[in-house]
Number of protein chains: 2
Amino acid sequence: MPRVTMKDVAQAVGVSVMTVSNAFNRPDQLSTPLRERILQRASAMGYGGPNAAARHLRAGRTHCYGVVLSESLGYAFNDPYSVLWLAGFSEPLQAAGATMTLLPVPRAPGSDRDVIRRASVDGLAGFCATHAALEAARSCGIPMVLAHTEDADSDWVAIDDFAAGTQLGAHLRRLGHRDVVLLADRAFTAPPGPLDVDGEPFRLALHALARAGLFDIAIRIRGLLHGLGPDCRVRFVGAGANSRDAGRLASGHALEAAERPTAICCISDVLALGVLDALADDGLVPGRDVTVTGFDDLPEAGRSGLTTIRQPIRDKGRLAGELLLDPERTPRQLTLPHQLVVRTSSGPNLT
Amino acid sequence: MPRVTMKDVAQAVGVSVMTVSNAFNRPDQLSTPLRERILQRASAMGYGGPNAAARHLRAGRTHCYGVVLSESLGYAFNDPYSVLWLAGFSEPLQAAGATMTLLPVPRAPGSDRDVIRRASVDGLAGFCATHAALEAARSCGIPMVLAHTEDADSDWVAIDDFAAGTQLGAHLRRLGHRDVVLLADRAFTAPPGPLDVDGEPFRLALHALARAGLFDIAIRIRGLLHGLGPDCRVRFVGAGANSRDAGRLASGHALEAAERPTAICCISDVLALGVLDALADDGLVPGRDVTVTGFDDLPEAGRSGLTTIRQPIRDKGRLAGELLLDPERTPRQLTLPHQLVVRTSSGPNLT
DNA sequence: CATGGTCTCTGTATCGATACAGCCAAGGAT
DNA sequence: ATCCTTGGCTGTATCGATACAGAGACCATG
């Protein structure tokens, strides 16, 4: 079943294809009666209007912007941080009449390129993007805005994760905590044995995070360790995922350990909320029996009394969208403010 | 700056364009050494791989599926129902390596067609789609799966909203409620004066909902009224939006009215949760002082003791995706089960 | 030595639309 | 009467890739 094209319409009306094209795109280029006749005939023939792919090829623009996700599509909708960021990102797009494509990049090596190439978009936001994705975008000439600090040639909208981590670590230190469990998600493979920040295992673990596109988390962890100080005992525990349930499960392990830590420091609020769930199950009081901290300051953190770092998630997304839509806008490397929010889940070390 | 194309690569290597194309897409069609040479040269020249638009034009497939939203993009990420549905929808897409585009259709008349035409997608899901959007998709020959029951020629994944509404209405009736406020979102313009289900104002109000793409809500309201019975006094209150905050505000008005209703029946859980918030502010006990019902059974509804209708939101999305990916699959009109969940927010009318 | 089959690679038409230059007729200025 | 402008429309090249048919080269077989 051959689709009806502009050519068919042109033939039926008895005008040139160009005139039909103009009827749809540049009303000022032809007389109104003819335009009406063409549109009417087109609709009668079942012609739905200029073909998108052909138009994109010719015009080189799609009015569509992509978001690179190193996680699955489902993750984008399940994680509150992600949802907030995307909501912010969508604001300027909506205002500009643009659409938005979600590009989940499978973990298979090299697939970054394929997914990004297949996507016909005018620009990309690296919500959670690997270096390979950035390279792919560059090689295709697609502008890209990242969500973490990068080299001088890149555009980004981020916070100073090192400073934020340091601030949170220092808070715990001030409270007297010297035995801390650091709860990260599965991408961070805990190096076995005593912590050696300068050692190879630790370096590799951070590298794994970066490979998964979690640069900000890697930087955040460095900051945390810096703030906690060299004399603090830090044990790493990996959660199965970055979710509330995974946090609850992982925290169970940490608490059952022979030597219970005095504080559990989570790299995200969702993990921390899961830890609070686990504490509640065990009848432990956060901030008194165990100190718990998160990162992000989701709305739920406020309700749960979680000590955390507030970052302007929605603004991060919104500004990324604005930079993408307006290539002239400067500066193109934005570091937004963050803030330590102390609530009841953190308290002095009483042991 | 002219982009580098396949032709350039072919020239540089000294082979035909077709061979370069094969090097990227059909490795079995040429010898490995030549393929390697081509890929290497291409990468050295800064060729990022086959252009997406051109490929789409030629192949007629994009591996991208669209979701039509009559609301803004932001809404898609803010409403829990929407987020759950999208998470379900994304599952099969992710498995098939496809991407997903969100198409917010502005309210301007006729813009449905434009947005849908501009989107180069292999299929559409009408999460919240108007008739105009469906027409546009049909005229472009794009397959579309709807989220509400439609005519026999359409594919859809929905629940029986009339039966569900009736069940909920009957529940309230059994509890003795005969003075009910029906809280819907702004798309439903409450007809003034006494309710006349067969009258023109009511018909127009339902029509407005349909125009906004909220067919399921319109059907649901009919069902509710049917279940409540003809002797039940029903007053309509429109919330400014379908959100928790809007529900809280709107419920304030309903409660301050001279004649307080014995039950507030909300067309969604988010609105109902907002009503519960308002009751808590006023020190009223849901189910005793005022009965409140929702619709959807979001996770939060369980925690808040909300009486509601459970529908398989995630499954609705997932199955819509599966139907879209597999045109052969039958049946293509799925009505999923729903269930009345009675919790503490509904109780007998004690007045 | 002819025949047939594989394996590689090539040339051309095509997907559906748009940009650009240009053509013709009508009307106003000189 | 001639020149020039303007409005309204047309023809063709082009965007960048892929499908398809087919051409040589090479080897095995009878």
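In what follows, every heavy atom counts, from backbone to side chain, and hydrogens, waters and symmetry copies are set aside. Proteins come first, then strands; the chains are lettered A, B, ... in the order of their sequence lines, and each starts at number 1.
When heavy atoms are screened at a 4.0 angstrom cut-off, A:F24 is found touching no nucleic acid atom at all. B:R26 comes within 4.0 angstrom of the backbone, heavy atoms only, and of no base.
At whole-Å resolution of the value, CG in B:N22 and P in D:dA17 are 13 Å apart. The interatomic distance linking A:N25 (CG) with C:dG16 (C1') rounds to 12 Å, in whole Å. If you take CG of B:D8 and P of D:dG16, they are 9 Å apart, rounded to a whole angstrom. For the pair A:L57 CG and D:dA13 P, the interatomic distance rounds to 17 Å; values are reported in whole Å. Here C:dT8 presents its P atom at 13 Å from CZ of B:R35, a figure rounded to the nearest Å. As rounded to whole Å, 13 Å separates atom P of D:dA17 from atom CD of B:Q11. Between the CZ atom of B:R37 and the P atom of C:dC9 there is a distance of 9 Å, rounded to whole Å. Distance CG (A:N51) to C1' (D:dC15): 13 Å, rounded to an integer number of Å.
Using the six-membered ring where Trp is involved, B:F24 and B:Y47 have ring planes that are perpendicular, over 60° apart on the 30 and 60° scheme. Ring geometry for A:H131 versus A:F215: interplanar angle over 60°, hence perpendicular rather than tilted (30 to 60°).
When distances are taken from the side chain of A:S16 to each of C:dA17, D:dT10, D:dA17, the shortest belongs to D:dT10. Counting only heavy atoms from C-beta on, A:R3 has its side chain closest to C:dG16 among C:dT18, D:dT18, C:dG16. Residue B:R58 has its side chain nearest to D:dT18 when only D:dT18, D:dC9, C:dT18 are considered. In the set C:dT18, D:dC20, C:dA13, the nucleotide with an atom closest to the side chain of A:M18 is C:dT18. Of the candidate nucleotides C:dT18, D:dT18, D:dG16, D:dT18 has the atom nearest to the side chain of B:P50.
Of the inter-residue distances, the one linking B:L57 atom CG with A:S120 atom OG reads 11.0 Å to the nearest 0.5 angstrom. Considering OH of A:Y65 and CG of A:L325, their distance stands at 4.5 Å, rounded to 0.5 Å. To the nearest 0.5 Å, atom CG of residue A:L69 and atom CG of residue A:L102 are 5.5 Å apart.
Close to C:dG16, at under 4.0 Å from its OP1 or OP2, lies no side-chain N or O of A:T5. Look at A:T19 and you won't find any side-chain N or O under 4.0 angstrom from OP1 or OP2 of D:dG8. Side-chain nitrogen and oxygen atoms of A:S21 include at least one within less than 4.0 Å of the OP1 or OP2 phosphate oxygen of C:dT18. Here B:S31 reaches the OP1 or OP2 of C:dC9: one of its side-chain N or O atoms lies under 4.0 Å away.
Mapping A:V17 and B:K7 onto DNA chain D via the closest heavy atom, the residue that lands nearer the 5' end is A:V17. Each of A:V15 and B:A54 was assigned the nucleotide of DNA chain D with the nearest heavy atom; the assignment lying further toward the 5' end belongs to A:V15.
Heavy atoms only, all atoms of each residue included: B:R138 and B:D151 are closest at NH2-OD1, 3.5 Å.
Residue-to-nucleotide contacts include no donor-acceptor pair under 3.5 Å from the side chain of B:R55 to the base of D:dT18.
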